[in-house]
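Each remark here refers to the structure printed beneath this line.
Per chain, numbering begins at 1; letters A, B, ... match sequence-line order. Keep in mind that what you see is a predicted model, and the values were worked out from it rather than measured.
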2 protein chains.
Amino acid sequence: MNIPAKSVGDGDTSGKRTHDYRVSCGSCRLNTLCLPIALDSTEVERLDNIIQRGRPLQKGEHLYQEGVSFSAVYAVRSGAIKAYRVTDDGREQVTGFYFPGEILGMDGISKNAHACSARALETSAVCEIPFSALQELSVQMPDLQRHFFQLMSREITEDQQLITLLSKNTAEERIAALMLSISSRNARRKLSATQFRLPMSRIDIGNYLGLTVETVSRVFSRLQKLDILEVSNKEIKILDLDGLNEIANVHVGDDED
Amino acid sequence: MNIPAKSVGDGDTSGKRTHDYRVSCGSCRLNTLCLPIALDSTEVERLDNIIQRGRPLQKGEHLYQEGVSFSAVYAVRSGAIKAYRVTDDGREQVTGFYFPGEILGMDGISKNAHACSARALETSAVCEIPFSALQELSVQMPDLQRHFFQLMSREITEDQQLITLLSKNTAEERIAALMLSISSRNARRKLSATQFRLPMSRIDIGNYLGLTVETVSRVFSRLQKLDILEVSNKEIKILDLDGLNEIANVHVGDDED
DNA sequence: CAGCGCCATTGACATGCATCAAGCCCCCAG
DNA sequence: CTGGGGGCTTGATGCATGTCAATGGCGCTG
């Protein structure tokens, strides 16, 4: 709700879907972050032609569900999406949060079926990029192919960072790292790096970071007491970016020899 | 640098190292698991032409190091490779183990520099696949492009499985899952699914699974006491595959209501 | 064959986080 | 304005796993 999809805000659902959800890539504010990066204008136009833009997702609505057949990847235009999978014993594991300009769904390529589910954390607009068309286009546009390889590779390295975080770091370090990640992703979009509203619940944060809600809450309280964060429900203000970095960096050099 | 081009295989080296490192993809025992899958024979030949095969890596030798510029991905032909990154505070995080038929190095694509290091856990043979050539070939061979997308996607979903494991599961469950993973990867290569030698140390296992050596050791002892595994140093025999599966599956349905 | 060093095992103890439980805050509906 | 419910916070307690320490086993080297 704090990031209304441009052109969508009024008279959303019901019959008259004549609204232009059809922001083109060429005019999209995010085209320097998203897929079109590294393409020239005629290429962007061709990419634009394969992309589908639908009505925005309401909070809680699914973009896709684990197991359903894979046909497209998605770019977030506004709002926020969480991806999660359900473990064998029925618990949920959040695997990622996706913000405007970011692309999700690539996990589905390998088995031709989505390996996670994705749902909107708040009202969100999303561009659907049919994968078969993207593949064909990639064959014709090597820059696009390369860029998409890079996007997938980035997803891999980010997952590996999370693995490291989960495997080695304390609750405090994990929360600090997440806050910094959100901060820098905001900065990328020219939003405030020090003040933002978390779109996800404490439960989701804990789930993502391998912690319980209670621990998440306690860590926020502690960081507030240390004057590193100011936390008011979902509203976060980073008061001491250096301090936060220090915590996330596992206090390099804290120990003797 | 540590993988001399294939033209170097015979002739150059002193003595009788006339081994042909020049196994071609067409004749490679692993070609149904590896990159060539889904390609017809003329395509395999073209792929084969870009692949470099060097002398084997000795135990402990690096295949590539974090930070060095990225130029190729690698397929394991024999032996075993571990991938790891070094955290900000200098500790190591193992991010994966790679066995014959598996491909590593895709993390380097996004930044054009390797995001992890890779070193041989035992004497290993590796095929080097120059990435720029692979990209060009992919443009000409859509099946190859698709397959490579799938490989990257598989890496993503596997990382996500590890994330879930680290975030939700107990030490016992993690070890059980790793043993099962190795078991099924052995089976894929037509080796025994129930008896094998671990190429990695307890330290590496613990590091990979977010546990200390001591915990790994204790879990092995416990599983042995339960007659689920027979452990003799690195030699593992799975005595009760179902039992192991049950442990890894987090005892579905163990709790009331 | 002896000695050294690394890896693995085992035990005793410490601790960070989970669990359980209670209460509070905020938002929304009526 | 008032009541209810979900999400968040805070406290008390327990447990799984980390930490520290000692010992054992195996392979390598001279």
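- Rounded to an integer number of Å, the gap from CG of B/Asn169 to C1' of C/dC17 is 16 Å.
- Ring pair A/Tyr84/A/His62 is tilted by interplanar angle, where 30° to 60° counts as tilted.
- Distance, B/Arg174 CZ to D/dT17 C1': 9 Å, rounded to whole Å.
- Within the 4.0 angstrom heavy-atom criterion, no nucleotide atom of any strand lies near A/Gly206.
- In this entry the distance linking CD of B/Glu214 with C1' of D/dG24 reads 15 Å, nearest Å.
- The aromatic ring centres of B/Tyr98 and B/Tyr74 sit 6.0 Å or more apart.
- Atom CD1 of B/Ile247 and atom P of D/dA16 are 15 Å apart (whole Å).
- Computed from coordinates, the B/Arg222 CZ to D/dT17 C1' distance equals 9 Å when rounded to whole Å.
- If you take CD of B/Glu235 and P of D/dG27, they are 12 Å apart, rounded to a whole angstrom.
- Phosphate contact (OP1/OP2 of C/dT10, side-chain N/O of B/Arg218, threshold under 4.0 Å): absent.
- Rounded to an integer number of Å, the gap from B/Asp204 CG to C/dC7 P is 9 Å.
- If you take NZ of B/Lys234 and C1' of C/dT9, they are 14 Å apart, rounded to a whole angstrom.
- A/Thr212 comes within 4.0 angstrom of a base, heavy atoms only.
- Residue B/Ser217 is in base contact, counting any heavy-atom pair closer than 4.0 Å across all strands shown.
- Here B/Lys82 pairs with B/Glu92 in a salt bridge; the nearest charged N to carboxylate O distance falls below 4.0 Å.
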Below 3.5 Å, can you tabulate the donor-acceptor pairs from side chains in residues 210-223 of chain B to any protein atom, sequence neighbours excluded?
unit_1	atom_1	unit_2	atom_2	d
B/Thr212	OG1	B/Thr215	N	3.4
B/Thr212	OG1	B/Thr215	OG1	3.0
B/Ser221	OG	B/Ser217	O	3.0
B/Arg222	NH1	B/Glu172	OE1	2.4

